[in-house]
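Because only heavy atoms are used, hydrogens play no part in the values below, and waters and symmetry mates are left out as well, while side chains stay in.
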2 protein chains.
Amino acid sequence: MTTIKDIAKAAGVSITTVSRALNGYPDVNEKTRQKIIDIAKQLNYSPNTLARGLVMNKSKTIGLLVSGLTRESAKDNFTFEVLAGVNQYVSEVDYDMVLFSTTSTKQREKTYTQLCRERRVDGAILQGIRSDDPYLQEVVESDIPCVLIDIPIESETVGYVTTDNVLGAKKAVEHLISLGHKNIAMINGYKYAFVSEQRLKGYKEALSEAGLPIHEEWIADGAFREDAAEAEALRLLTEYPCISAFFCASDLMALGVMKAVKRVGKQIPDDVAVIGYDDIILASYATPALSTVAQNIFAMGYEAAKLLIHMLEGKAESHVKILETELKIRESTVKNRN
Amino acid sequence: MTTIKDIAKAAGVSITTVSRALNGYPDVNEKTRQKIIDIAKQLNYSPNTLARGLVMNKSKTIGLLVSGLTRESAKDNFTFEVLAGVNQYVSEVDYDMVLFSTTSTKQREKTYTQLCRERRVDGAILQGIRSDDPYLQEVVESDIPCVLIDIPIESETVGYVTTDNVLGAKKAVEHLISLGHKNIAMINGYKYAFVSEQRLKGYKEALSEAGLPIHEEWIADGAFREDAAEAEALRLLTEYPCISAFFCASDLMALGVMKAVKRVGKQIPDDVAVIGYDDIILASYATPALSTVAQNIFAMGYEAAKLLIHMLEGKAESHVKILETELKIRESTVKNRN
DNA sequence: TTGAAAGCGCTAACAG
DNA sequence: CTGTTAGCGCTTTCAA
């Protein structure tokens, strides 16, 4: 493997000059520089980023910490889209990304912070971490710059990107209300997610503003899981047959709800309307196609990476980025017959 | 950031001893070791993997080179599942994974080899690289150990994992034949994929062995894209109305074919049966649910990582791993009425 | 059982 | 414009 030493020898200059020439410093004779560049190319030189990182004390690498990167989680390709977005920005600015997942067997043997420090990542993006994860605090309190996805914590070294979940939920519920629905249940995600709180708030606000009563017993916890949501919806549909619409805090749960509705022999959207949240791929392929509040998840990853790297380079004006959501009306919501 | 030097000072020993103690070398007094370990913990020490990598000349990091990690590719979560599998194994054995994608804007500015060498990855896994990619050769010919997914190249430093695509395709087509279908078309992927060749071979073998003629004009190239497959199927259905079944080299293409069938006003599976390949999430959610040849993609990633790391550690018996496929019969294939 | 010293490949003062 | 020197944090001979 060629090093700058080899180049220096071949060019008859010192390694310092080689370093300077290759890194584009101005204080080097253009002829010398050209010669060095030629030789470097000829020798097929690649800089050793480990050595560089060691002396510069930064690695041009960011860590993406996710939880739940399992075989099952592929259904909900949220994580994947975030990752694709992060990767996109990162490669645009010549950084690298290393992935840390905590669902592995050796989970929790090392904390996130340890992982980050050992690998000398310059910063980290956290996604899918529950708000009650003990290590969340740890990372946030450490001096590692980080950007959280969907967790609103802000500090000198911490920023976040999210969408306006209150508004998103509100739009969904208002849509149902505009269709004539009055008995609207909600299947929420578990409470250890900030977005659950927010979407619940939006749901309640929409109802209140329309002068509709809030039935606490119509709000169930589907834990962001398809099966749990199906079970809860089944229970709700049985106990409260008057329910004519469901607002779900995720598409995956909405899919479960749709199964439940079918199981009790009701029609979607005629008897019961269903609207989800996220706009995962499956939403548009479901039958009937699922109406939903679309989040641009790829953009969330992209913006998270952008924010983090701006923070690292000291040029972030704000540590917060709020993205827009978009109501997508498909086949699963329609005017209430009643 | 604590270094072994700090620990050495605090413990009143040399850095050599600290290094040895922390790395579990036997030639250290147990009392000294314990003292050092305690101090390290107390000082919240994390080893600097850059420094270690520099001196040891290995990074305990592998690169995952993928192409097509775009916003659109999320539909086909093949890449994601491979990634999840790789990540799983890698974290089990305390390696890290860095992701290199070549769809980025700065695509091709650096070759894969350069990427790998700069980052000093110990080895690489290549996925989704077309067989005509000029850089494929480059990586394979370099001295970087690598494992290819679905590209059968083998050498001292190169291995691969794949499934038996001939057999898989054969099972699918035989299934259609057993249902009474005689006029079976095929929508294949582009030819720059090894699997396309193999699946075509399986298709032809199945037909031949059943004494059925092979109509070359019934074989179309859907380029692994949903829209292209839809267009080709539309053309085929119009030109050859006798076609009663489609074998598709991917589920995504099968989804496109299903759209085409519906567009010409025919019923699935009654008029036309459709079977795909891969078993992506969408397959089971489509209406009607898509029959397919399931590949365990997560396992492919897992096995690729396992193979690579075994190769790196000199304990790989073989450089090849062939996984099984499984025929999944759902609603899109049924007995031919004719 | 321990320590001194060299060196991995690179950057960054500081001199010239 | 160029070279000398020191040192990033770690592992590893070689001696003691």
Practice task
Taking the side chain as every heavy atom from C-beta outward, state whether Ile149(B) and Thr162(B) have any atom pair closer than 4.5 Å.
Solution key: no
Exercise for the section: Using a 4.5 Å cut-off on heavy atoms from C-beta on, say whether the side chain of Leu22(A) contacts that of Val18(A). Expected result: yes
Practice task
Check whether more than 12 heavy atoms from other residues, nucleotides or ligands sit under 6.0 Å from atom NZ of Lys60(A), and answer yes or no.
Solution key: yes
Problem - Neighbour count >12 (heavy atoms, 6.0 Å) for atom CD, Glu156(B) - result: no
Practice task
Note the angle between the end axes of the helix from dT1(C)-dA16(D) to dG16(C)-dC1(D), five pairs defining each, rounded to 10 degrees.
Solution key: 40°
Practice task
Identify, with sequence neighbours excluded, every residue that meets side-chain hydrogen bond (donor to acceptor under 3.5 Å, both in side chains) alongside Asn48(B).
Solution key: none
Tell me: [atom1] of [X] to [atom2] of [N], nearest whole Å?
X         : N      : atom1 : atom2 : result
Arg33(B)  : dT1(C) : CZ    : C1'   : 11 Å
Leu22(A)  : dG9(C) : CG    : P     : 16 Å
Asn29(A)  : dG3(D) : CG    : C1'   : 15 Å
Glu30(A)  : dT2(D) : CD    : C1'   : 15 Å
Arg119(B) : dG9(C) : CZ    : P     : 18 Å

Handout entry: is_close_aromatic(Phe224(A), Tyr190(A)), centroid dist under 6.0 Å
Key = yes
Exercise for the section: Verify the contact: side-chain N or O of Thr32(A) to OP1 or OP2 of dT2(D), cut-off strictly under 4.0 Å; return yes or no. Expected result: yes
Fill in the blank from the handout: With B for base contact, S for sugar-phosphate-only contact and - for none (protein heavy atoms under 4.0 Å), nucleotides 6-16 of chain D reads -BBBBBB----
Handout entry: Qualifying residue for side-chain hydrogen bond (donor to acceptor under 3.5 Å, both in side chains) with Tyr302(B), from Gln88(B), Glu81(B), Glu92(B)
Key = Glu92(B)
Handout entry: Short side-chain to backbone donor-acceptor contact, Arg117(A) and Gln114(A), under 3.5 Å
Key = no
